[in-house]
Amino acid sequence: MSTIKAYGAASATAPIVPMSIERRSLTPSDVKVEILFCGICHSDLHYARNEWADVMPTIYPCVPGHEIIGRVVEVGPAVSRFKVGQVVGVGCLVDSDRTCPNCREGLEQYCPNFTLTYGTPDNHGTAPGTFGGYSESIVVDEHFVLRIPANLDLAAAAPLLCAGITTYSPLKHWKAGPNKKVGIVGIGGLGHMGVKFSHALGAHTVVFTASPGKAADAVKLGADEVVVSTAADEMTKHAGSFDFILDCVSARHDINAYIALLKRDGNITMVGAPEKPLPVAVFGLLFGRRSLSGSAIGGIAETQEMLDFCGAHNIVADVEVVGVQQINDAYARMLKSDVKYRFTIDMKTLKG
Ligand SMILES: [Zn+2]
Ligand SMILES: [Zn+2]
């Protein structure tokens, strides 16, 4: 084992502060990655503050971070896909049982025995829970390590590992593409990636925002149309016209207003996670055989596909780079949506 520097929280009410953690020694199939950049995801804040106690109680001390870009510094003897010096990514998953039906289909994100990058019991016994990317380095089985296309800016590529795959996977699953009308609800960390992907996939992309002031930004991201969701007449104009809507809003909101905009057999997929249940008017689903779904991140193969797609289309997140010392400020600003559109931590500030 090795002791390394990290940033984490000691309790639900504690700020993110410097701490030391252990990383395991390499097994034959492990890759050790020196972390260069780590995106800040809204999940990091929920987890650090134990806000998902009902589904996933936080194991303290906790070190969040699952949008990791780094450089390989050591490989185990059985590692075949990665070399020392290579730039790689690690997302939300670091292990799974690899034998269940989901794993066999490359859908490790739905494995009942997955290991998340932070916050699940550490089956190597190095610590009670896994520690994430707000740290100097991470040791990961090569199956869960991703190649990063050489043309991408590394700080801006970090959020692809969570926000990127979270929006790419449902857009692909529901076949966003040419001759499809796709709606993206909300343009924050998730939504801004959804707009970029939907546009690059060739769909007619409509952005819904509650703030008219965000219209110009939405067009810059790739929107063909912008609808102000609080203007009832603007919403009505689009009734029954969407093939697919990706709902990226985590706050309480009226999803029935969006269900009404779907065509027959249209689907709305939620990727934001509102804390409280949302009321659904079932009649909206019955008329038109419409469906309401959820989606969580993506499997390893699809995450690689998404990264390669980003390389081919020059897609990265819009980021504001911060130092590790600013994580608590970044959390406060994230809660006010005061960032365009994602924070990324420059991890060399951890050495400082
Ligand atoms: Zn995330
Ligand atoms: Zn599995």
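Order of appearance sets the numbers: ligands from 1, and atoms from 1 within every ligand. Numbers for residues simply follow the sequence, beginning at 1. Values reported hereafter were calculated over all heavy atoms of this structure, with side chains retained and with hydrogens, waters and symmetry mates removed.
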Looking only at N, O or S atoms, which one in His66 sits nearest to the Zn ion (ligand 1)? NE2
Tell me whether Asp338 is salt-bridged to Arg333, with the criterion being a basic N under 4.0 Å from an acidic carboxylate O. yes
Rounded to 10 degrees, the angle SG of Cys100 makes with SG of Cys103 at the Zn ion (ligand 2): 120°
Less than 4.5 Å apart, any side-chain heavy atom of Arg98 and any of Glu108? no
How wide is the angle at the Zn ion (ligand 2) spanned by Asp97 OD1 and Cys111 SG, rounded to 10 degrees? 100°
Can the ring centroids of Tyr7 and Phe131 be said to lie less than 6.0 angstrom from one another? no
For residues Val90 and Ile345: do they belong to one hydrophobic cluster (side chain heavy atoms under 4.5 Å, members Ile, Leu, Val, Met, Phe, Trp, Tyr)? yes
Taking backbone and side chain together, does Cys92 place any N/O/S atom at a distance below 2.8 Å from the Zn ion (ligand 1)? no
Any N/O/S atom, side chain or main chain, of His42 closer to the Zn ion (ligand 1) than 2.8 Å? no
Do you know which of Arg342, Lys196, Lys340 makes salt bridge (Lys or Arg N to Asp or Glu O under 4.0 Å) with Asp318? Lys196
I'd like to know: is the Zn ion (ligand 2) within the 2.8 Å range of an N/O/S atom from Glu108, strictly under that distance? no
